[in-house]
Amino acid sequence: MTEIKEYPPGSFCWVDLGTTDEAAATEFYTALFGWTATAVPAGEVGTYTMLEKRSKNVSALYQMNQGMLEEGVPPHWLSYVSVVSADNTAAQAKELGATLLQEPFDVMDVGRMALIQDPQGATFALWQPKRHCGAELVNEAGTMCWNELYTNNVDGSTQFYTSLFGWSPKQSPGYTELRNGDRPAGGMIEIKPEWGPVPPNWAVYFAVADLDTSLEQAKSLGGTVEVPPMQVENVGRFAVLQDPQGAYFSVIQLDPGMV
């Protein structure tokens, strides 16, 4: 078990799901990952459903509003990066060529956030923690364990994120690991033409105890396997899923040394 009470700035700290059917998505993910769900009143937004494992927050989901639907925003998982100041980091992101989709704003008394689209088009959020640091459990079955950028421009994305968060790139054939100090922050891979019209995006990985069992369970719940199981040497075996409402996410059975 990896319990977290504070995230170093520049760390991915939270993920949430914007969906077209909050009730159905809640049913899917609680059944798949064994989460429990608690709907929290969120003012004009409606509710924000906290997803928990052993009474600890691990992620959340919410019903997308009419404006998002009219703009054609698809169901999606959003990754959050912990920062000291959402205002300062958002301003810096804008100077580096990003688009501020939502200017920094307070989320009641739990934190302050901003929504950013990087110069290549991938969207992520900044999170300045107050009462809520982010996911309280990570890197174990049923929790977030990795965040990965799919981009059309590895060099441009590397320059943007290293400048914004101080990450350092660790290159290997076909893959770039982004490090926050001496710890991995996330990964980056170039979108291949044979993948089809995949937009730049930050993907979230959830750890599972048994990949094949989880894939069968996801299919029985109405999900689809978009990328069949693949082995990453010295890391684990993963697959890409699409939930019944259309959001993509990955699941991975980590090698014993990675847990």
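Residue numbers start at 1 and run along the sequence shown.
Within the 4.5 Å cutoff, no side-chain heavy atoms of M68 are placed close to those of Q63. L51 has its side chain within reach of T49: a pair of non-hydrogen atoms, C-beta onward, lies under 4.5 Å apart. Side-chain contact check for K94 versus Q92: every heavy-atom pair is 4.5 Å or farther apart.
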*Where do F12 and W202 land on the ring pair (Phe, Tyr, Trp, His ring centres under 6.0 Å) test, with the steps shown first?*
CA-CA 11 Å; F12 282 101; W202 276 102; 4.9 Å; yes
*asked:* One pair to check against ring pair (Phe, Tyr, Trp, His ring centres under 6.0 Å): Y80 and F124. What are the steps and the verdict?
replied: CA-CA 6 Å; Y80 290 65; F124 64 98; 9.8 Å; no
*asked:* Please evaluate residues Y205 and W77 with respect to the criterion ring pair (Phe, Tyr, Trp, His ring centres under 6.0 Å), reporting the C-alpha separation (whole Å), side-chain torsions for both, the decisive distance (0.1 Å), and the verdict.
replied: CA-CA 10 Å; Y205 285 68; W77 281 95; over 10 Å; no
*asked:* Pair E140, R54 - check salt bridge (charged side-chain N to carboxylate O under 4.0 Å, His left out), show working.
replied: CA-CA 12 Å; E140 63 171 86; R54 295 196 303 276; 3.3 Å; yes
*asked:* Applying side chain to side chain contact (heavy atoms under 4.5 Å, CB included) to I189 and T176, what does each step give before you reach the verdict?
replied: CA-CA 6 Å; I189 189 168; T176 301; over 6 Å; no
*Could you please spell out the steps behind the ring pair (Phe, Tyr, Trp, His ring centres under 6.0 Å) verdict for W195 and Y150?*
CA-CA 11 Å; W195 294 357; Y150 295 87; 5.7 Å; yes
*Take D212 and R237 through the salt bridge (charged side-chain N to carboxylate O under 4.0 Å, His left out) test and state the conclusion after the steps.*
CA-CA 10 Å; D212 295 315; R237 189 163 164 260; 3.0 Å; yes
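Y248 and N201 form no side-chain donor-acceptor contact under 3.5 Å, judged by distance and modelled atom types alone. Side-chain N/O atoms of D243 and Y29 include a donor and acceptor closer than 3.5 Å. Side-chain N/O atoms of T151 and E190 include no donor and acceptor closer than 3.5 Å.
Dense packing is recorded around CE of M108, with more than 12 heavy atoms of other residues, nucleotides or ligands lying under 6.0 Å away. Within 6.0 Å of the CD atom in E194, the count of heavy atoms belonging to other residues, nucleotides or ligands exceeds 12.
With S11 contributing its side chain and Y7 its backbone, the two residues share no donor-acceptor pair below 3.5 Å. Between the side chain of Q242 and the backbone N or O of G246 there is at least one donor-acceptor pair closer than 3.5 Å. Side chain of Q117 to main chain of A122: no donor-acceptor pair is present (N/O by atom type, distance under 3.5 Å, no hydrogens or angles). The backbone N or O of G67 sits less than 3.5 Å from a side-chain atom of N65, completing a donor-acceptor pair. No donor-acceptor distance shorter than 3.5 angstrom exists from the side chain of K5 to the backbone of E3, with no hydrogens or angles considered. In terms of modelled atom types and a separation under 3.5 Å, the side chain of W35 and the main chain of G142 share a donor-acceptor contact. A distance-only check finds no donor-acceptor pair linking the side chain of T19 to the backbone of E22 [under 3.5 Å]. A donor-acceptor pair under 3.5 Å links the side-chain atoms of N180 to the main chain of P9, judged by distance alone.
Distance check: C133 SG to W127 CH2 gives 10.0 Å after rounding to the nearest 0.5 Å.
Using cut-offs of 30° and 60° on the angle between ring planes, the pair W167 and F165 is tilted. Ring planes of Y48 and Y62: parallel class, angle under 30° (limits at 30 and 60°).
By the 4.0 Å N-to-carboxylate-O rule, K53 lies too far from E136 to be salt-bridged with it. Between E177 and R179, at least one side-chain nitrogen of the basic residue sits less than 4.0 Å from a carboxylate oxygen of the acidic one, meeting the salt-bridge criterion. Ion pairing between a basic and an acidic side chain is recognised when a charged N comes within 4.0 Å of a carboxylate O; K130 and D109 show no such pairing.
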